[in-house]
Every structure is written in structure tokens, then in C-alpha cells.
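Keep in mind that the numbers below use all heavy atoms, side chains included, and drop hydrogens, waters and symmetry copies.
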Amino acid sequence: MATAAQIIAKAKTYLGMNGTTFRTAYYGSDNAEPWCVTFVWYVFKQLGASNLFCGGALTAYVGYVCNYYQNAGRFFTSNPQVGDLVLFNWQDGGDIYDHIGIVTSVEASVIHTIEGNTDNGVVALKTRSRNNTIIGYCRPAYSASSDGSLSYGDSGTAVKTMQQMLMMTGFSCGDSGADGNFGDNTLAALKSFQSKNGLSADGVYGSSTKAKLTAVYNALGVFTATAKNSVAVRTGPSVDNANLAAYPNVAKNESVLVAKTVTTSATVNKWYYALVGGRYMGYTSAKNYNTDLALGSSGTAVKTMQQMLLMTGHSCGSSGADGNFGSDTQTALKSFQSKNGLTANGIYNAATKTKLTAAYNALGVFTATAKNSVAVRTGPSVDNPNLAAYSKVAKGEKIRVAKTVTTSAEVSKWYFALVGERYMGYTSAKNYTKS
């Protein structure tokens with residue numbers, strides 16, 4: 001099996017080559033036959049992934065490719081993805097199945113491809129309009145990366161999340177923004193981030209790069225703001241700047257993720273530099289937003305609120321303090337509000353924040369550091385099972401202690417603490433030192 005990224009990377013090693021190699025491998029000798037399909041067949045074959053291309057069939061005909069993927073339920077006429085095999089009809093009055101290429105990246109109005117048998121007779125990179133010359137897109141059943149890393153050609157939610165963090169930390173992923181496709185612009189953005197942060201600029205989103213990008217992103221203090229009405233999104237922090245073409249307005253009640261607040265001296269106005277539509281970065285006037293947190297909000301501010309709710313005894317569900325304001329967090333917040341004489345509307349407004357912060361501060365929370373690896377349990381006893389979500393604290397790891405419990409049966413002390421900055425559990429106090 002192979003990933004889309006591997007197929008594209010392999011195809012690019014043949015850039016500039018004519019059809020001799022591919023026709024000879026297919027027919028046994030060179031000839032004058034068209035070779036766009038032969039090129040695609042050859043690329044998959046070289047990676048030991050022939051089964052992904054038409055089930056391993058030997059074919060040099062675009063029409064066969066179309067029929068195979070239609071029958072397999074893997075043929076699409078819209079929403080192309082990186083790695084798709086795009087089929088063309090030049091509408092010249094002949095056979096409708098004229099040409100094939102491999103999609104390398106996707107934009108709103110065009111796709112970028114690598115193709116054999118191009119108009120200059122070699123393997124070449126092309127940009128094609130998404131118009132009626134495209135018959136459709138065949139989608140091989142690529143495998144995912146085995147180690148969880150992301151690389152050129154990958155697509156999906158994980159790629160989109162990476163793109164959002166890159167953009168919010170100042171690295172553009174091109175006009176398509178966070179579209180979930182790891183193409184040329186995303187590759188350039190990732191390499192730039194790696195280079196500026198002392199990492200190997202290999203363009204692979206592995207564990208080291210992910211940890212560094214996540215840390216830089218978290219340091220921004222990103223928060224959610226909700227539009228009080230329809231608000232313009234601009235290319236700069238001024239009404240003199242043009243609307244952002246890709247996303248000119250945020251709708252009433254729509255949320256944005258704010259990376260930073262900019263104050264302009266000319267107008268003494270505050271502008272948010274924010275992720276809009278989950279996909280693009282732009283400037284939008286701060287006065288038209290409120291920063292109350294509610295169902296659907298996400299980010300650092302939500303995680304901080306969840307941690308305080310957890311430590312004051314209000315469960316946010318099995319995901320703990322994950323930074324996402326879901327239904328379990330809303331229930332926890334309503335419970336806190338009800339018990340503290342507030343309107344139980346599930347909105348984290350200024351009054352609720354003041355009350356929750358005071359309740360948290362009253363706990364006298366302190367930090368403790370594990371002297372060795374320590375179990376985290378569901379209750380203050382060795383008879384309780386380990387906490388499924390976070391079973392152990394590593395040596396040297398810090399926890400935040402909400403209260404100390406002394407059990408009469410064992411005459412031992414247990415900490416009820418926030419572990420992994422996300423979950424609450426009980427852990428034996430004797431295995432920690434106060435930080």
C-alpha cells in the first residue's frame with residue numbers, strides 16, 4: 001500500500017521525462033502510443049501499489065479507469081482531494097476520455113496536477129481550471145501514514161488543524177487557507193516554521209514539529225470571539241483596507257479564533273487578527289464581538305475554564321479539559337452557575353468568570369512534582385482502579401492539587417489533582433514533593 005503523498009513524491013521524480021520509459025515498461029518496447037495512463041500505472045507499480053490503480057489491472061485507457069472507480073464507488077464529480085486521479089474530456093468531438101493526471105493540490109477554481117504525455121511531450125506539473133473539461137475524480141484507497149506523521153499529499157482533518165495553527169502563528173498556507181490538503185503552499189509554510197524554530201526543515205509534520213507548533217500556538221493565548229452582528233473581514237487593521245476576498249464577512253453569532261489584538265494609533269481602534277470560517281486569516285473590528293464563551297467555543301480560554309470547573313468539582317465529561325466547549329462542559333458550567341446564585345445559562349460571561357476564579361483561588365491550589373512514576377486512581381485507595389484516561393504520572397511530571405484527602409482505613413494522604421492538565425484523579429501524596 002502507499003499514501004497519496006508517496007505517490008505524488010514518486011511521480012515528481014519523473015518530471016521532464018518523455019514516454020520511452022513508461023511505454024517500454026508497459027508494452028515491452030517503445031512505440032507511439034499515448035502514455036498518460038501508462039505513466040500513472042508506472043508510478044503506482046514502482047511503489048508496489050499496483051492494486052490501488054484499477055485493482056492491479058493492466059490498462060492504458062482513460063475510459064477503463066473511469067469505469068473501474070465508478071463501479072468501486074470511488075468516483076466523484078466535485079470536491080477533489082490531493083492524490084485523486086483527474087480525468088479530462090477536451091470536448092474535441094472524439095472519444096470523451098482524453099487524458100488523466102494526479103492531483104497534487106486544490107484551490108477554489110483550479111487544481112494542480114502532475115501528468116504524463118503533456119502538450120510538450122514530457123511529465124510536467126500543470127494547473128487546470130475546474131471547469132467542464134473535467135469528467136471527474138477517481139480516488140484510490142490510499143493508506144494513512146503509519147506513524148501518524150503528515151506529509152506532502154496528505155489530506156483530512158489533521159492536515160486542516162495543522163494548517164490552522166501554522167496560519168495563526170504567522171505562516172501562510174496560500175490562497176486556499178486551511179483546506180485540509182497538504183499541497184505546495186502548506187509544504188512551504190511548514191518548512192518555514194521548522195527552519196525558524198530550529199527543526200530539520202524536511203516538510204514532514206512529525207512528533208517534534210507537532211510538539212513545537214502546538215507550544216507556539218498555545219503561547220498565543222488564542223480565544224474565541226462571537227460576532228454581535230455581521231462584521232467585515234479585511235486585509236489589514238483599518239476600514240481603509242479591502243474586504244478579504246475569500247471571506248469578506250463574518251455572520252451574526254459566528255465565532256472566530258483570535259490570534260492577536262491590534263490597536264491602531266490612527267483610529268485608536270482595536271482589531272482582531274483572527275481565523276475566520278475555520279480557514280482564512282483576516283482583520284475584523286473587535287468592537288463588534290463579545291468574548292463570552294459558549295457552546296461551540298474552543299481554545300486556550302475554554303481549556304482554562306474547564307480546568308477550574310474540574311478542580312472545583314464539576315465534571316466536563318470523559319474528554320476532560322480538552323479546550324472544546326461541548327455539551328458536557330455546558331452542563332458543568334450550568335451546574336456551577338446554579339450552585340453559585342448565577343443565571344444558569346451556560347454562558348461563561350464576566351460575572352461567571354469572576355465567581356469561578358474566586359472559587360478556584362479559594363482552594364489554595366498548589367503544584368506537586370512526582371518523585372517517581374505514580375499511579376492515578378479513581379478514588380483515594382489502592383483498591384480503586386487506575387484512571388483510564390490518565391493512569392500514571394511520570395517521574396518529574398507536575399500536577400495541580402485541589403485538595404488533600406486522608407483516608408482513615410489506610411491512614412495515608414491522597415491528592416485530588418489535575419493530571420496531564422486535563423483530568424482529575426487521586427494519587428498518593430507520599431510520592432510527590434511540593435513545587
Step by step, work out the side-chain hydrogen bond (donor to acceptor under 3.5 Å, both in side chains) result for Thr264 and Asn269. CA-CA 6 Å; Thr264 57; Asn269 281 334; 5.3 Å; no
Between [X] and [Y], which heavy-atom pair has the shortest distance, and what is it?
| X | Y | value |
| --- | --- | --- |
| Val276 | Leu244 | CG2-CD2, 4.5 Å |
| Val37 | Thr59 | CG1-O, 3.5 Å |
| Cys173 | Ala189 | SG-CB, 4.1 Å |
| Val106 | Ser176 | O-OG, 3.2 Å |
| Met424 | Ala402 | CE-CB, 4.3 Å |
| Gln91 | Asn132 | NE2-O, 2.8 Å |

Are [X] and [Y], when compared by the centres of their aromatic rings, separated by less than 6.0 Å?
| X | Y | answer |
| --- | --- | --- |
| Phe53 | Trp41 | no |
| Tyr69 | Tyr64 | no |
| Tyr14 | Tyr42 | yes |
| Phe88 | Trp90 | yes |

How far apart are the C-alpha atoms of Leu190 and Gln194, what are their side-chain angles, what is the distance that settles it, and do they pass the side-chain contact (heavy atoms from CB on, under 4.5 Å) test? CA-CA 6 Å; Leu190 185 62; Gln194 290 172 321; 4.2 Å; yes
Does the side chain of [Y] come within less than 4.5 Å of [X]'s, by heavy atoms?
| X | Y | result |
| --- | --- | --- |
| Met168 | Tyr217 | yes |
| Cys138 | Tyr68 | no |
| Phe182 | Val82 | no |
| Thr209 | Val204 | no |
| Tyr348 | Leu356 | yes |
| Arg130 | Ile111 | yes |
| Tyr423 | Leu387 | yes |
| Val62 | Cys36 | yes |

Judged by atom type as modelled, is there a donor-acceptor pair below 3.5 Å linking the side chain of [X] to the main-chain atoms of [Y]?
| X | Y | value |
| --- | --- | --- |
| Gln306 | Thr329 | no |
| Ser338 | Lys334 | no |
| Ser319 | Asp322 | no |
| Asn18 | Thr20 | yes |
| Thr13 | Lys10 | yes |
| Ser172 | Gly174 | yes |
| Lys395 | Ser373 | no |
| Gln330 | Ser327 | no |
| Asn197 | Leu199 | no |
| Asn340 | Leu342 | no |

Could you go through Tyr272 and Tyr283, starting from their C-alpha distance and side-chain angles, then the distance that decides it, and tell me whether this counts as ring pair (Phe, Tyr, Trp, His ring centres under 6.0 Å)? CA-CA 5 Å; Tyr272 289 149; Tyr283 293 86; over 10 Å; no
How long is the span from the [atom1] atom in [X] to the [atom2] atom in [Y], to the nearest 0.5 Å?
| X | Y | atom1 | atom2 | value |
| --- | --- | --- | --- | --- |
| Ser105 | Ile8 | OG | CD1 | 8.5 Å |
| Leu293 | Phe325 | CG | CZ | 6.5 Å |
| Ile7 | Leu85 | CD1 | CG | 9.0 Å |
| Tyr205 | Phe193 | OH | CZ | 8.0 Å |
| Thr235 | Asn241 | OG1 | CG | 4.0 Å |
| Met165 | Leu213 | CE | CG | 4.5 Å |

Could you tell me if [Y] and [X] have a donor-acceptor pair between their side chains, going purely by distance under 3.5 Å?
| X | Y | value |
| --- | --- | --- |
| Asn181 | Gln81 | no |
| Asn349 | Thr352 | yes |
| Tyr61 | Asp95 | yes |
| Thr118 | Asn120 | yes |
| Thr284 | Tyr273 | no |
| Lys398 | Thr367 | no |

Check residues 310-318 and write down every donor-acceptor pair under 3.5 Å in which the side-chain atom is one partner and the other belongs to a residue at least two apart or another chain.
residue: Thr312; atom: OG1; partner: Met308; partner atom: O; Å: 2.8
residue: Thr312; atom: OG1; partner: Leu309; partner atom: O; Å: 3.0
residue: Ser315; atom: OG; partner: Gly317; partner atom: N; Å: 3.1

Knowing that exactly one of Asn345, Thr226, Ile347 qualifies, which makes a side-chain contact (heavy atoms from CB on, under 4.5 Å) with Asp292?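 Of Asn345, Thr226, Ile347, side-chain contact (heavy atoms from CB on, under 4.5 Å) with Asp292 is met by Ile347 alone.
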In a check of side-chain hydrogen bond (donor to acceptor under 3.5 Å, both in side chains) between Trp35 and each of Thr21, Asn117, Asp30, which one passes?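 Testing Trp35 for a side-chain hydrogen bond (donor to acceptor under 3.5 Å, both in side chains) against Thr21, Asn117, Asp30 leaves exactly one candidate, Asn117.
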Can you tell me if Lys228 has over 12 outside heavy atoms packed within less than 6.0 Å of its NZ?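 More than 12 within 6.0 Å, yes.
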Going through the distances and angles, do Asn324 and Val302 end up as a side-chain contact (heavy atoms from CB on, under 4.5 Å)? CA-CA 6 Å; Asn324 294 309; Val302 173; 5.8 Å; no
What's the verdict on side-chain hydrogen bond (donor to acceptor under 3.5 Å, both in side chains) for Arg400 and Gln307, showing C-alpha distance, side-chain angles and the deciding distance? CA-CA 10 Å; Arg400 281 196 270 167; Gln307 290 171 336; 2.9 Å; yes
For residues 104-139, which residue pairs pass the ring pair (Phe, Tyr, Trp, His ring centres under 6.0 Å) check, not counting sequence neighbours?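 Applying ring pair (Phe, Tyr, Trp, His ring centres under 6.0 Å) to every pair that reaches into residues 104-139, excluding sequence neighbours, yields nothing.
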Partners meeting side chain to side chain donor-acceptor pair (under 3.5 Å) with Tyr280 (sequence neighbours left out):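 Listed in chain order: nothing, the list is empty.
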NZ/NE/NH1/NH2 to OD/OE distance under 4.0 Å, [X] and [Y]:
| X | Y | answer |
| --- | --- | --- |
| Arg128 | Glu115 | yes |
| Lys126 | Asp119 | yes |
| Lys12 | Asp184 | yes |

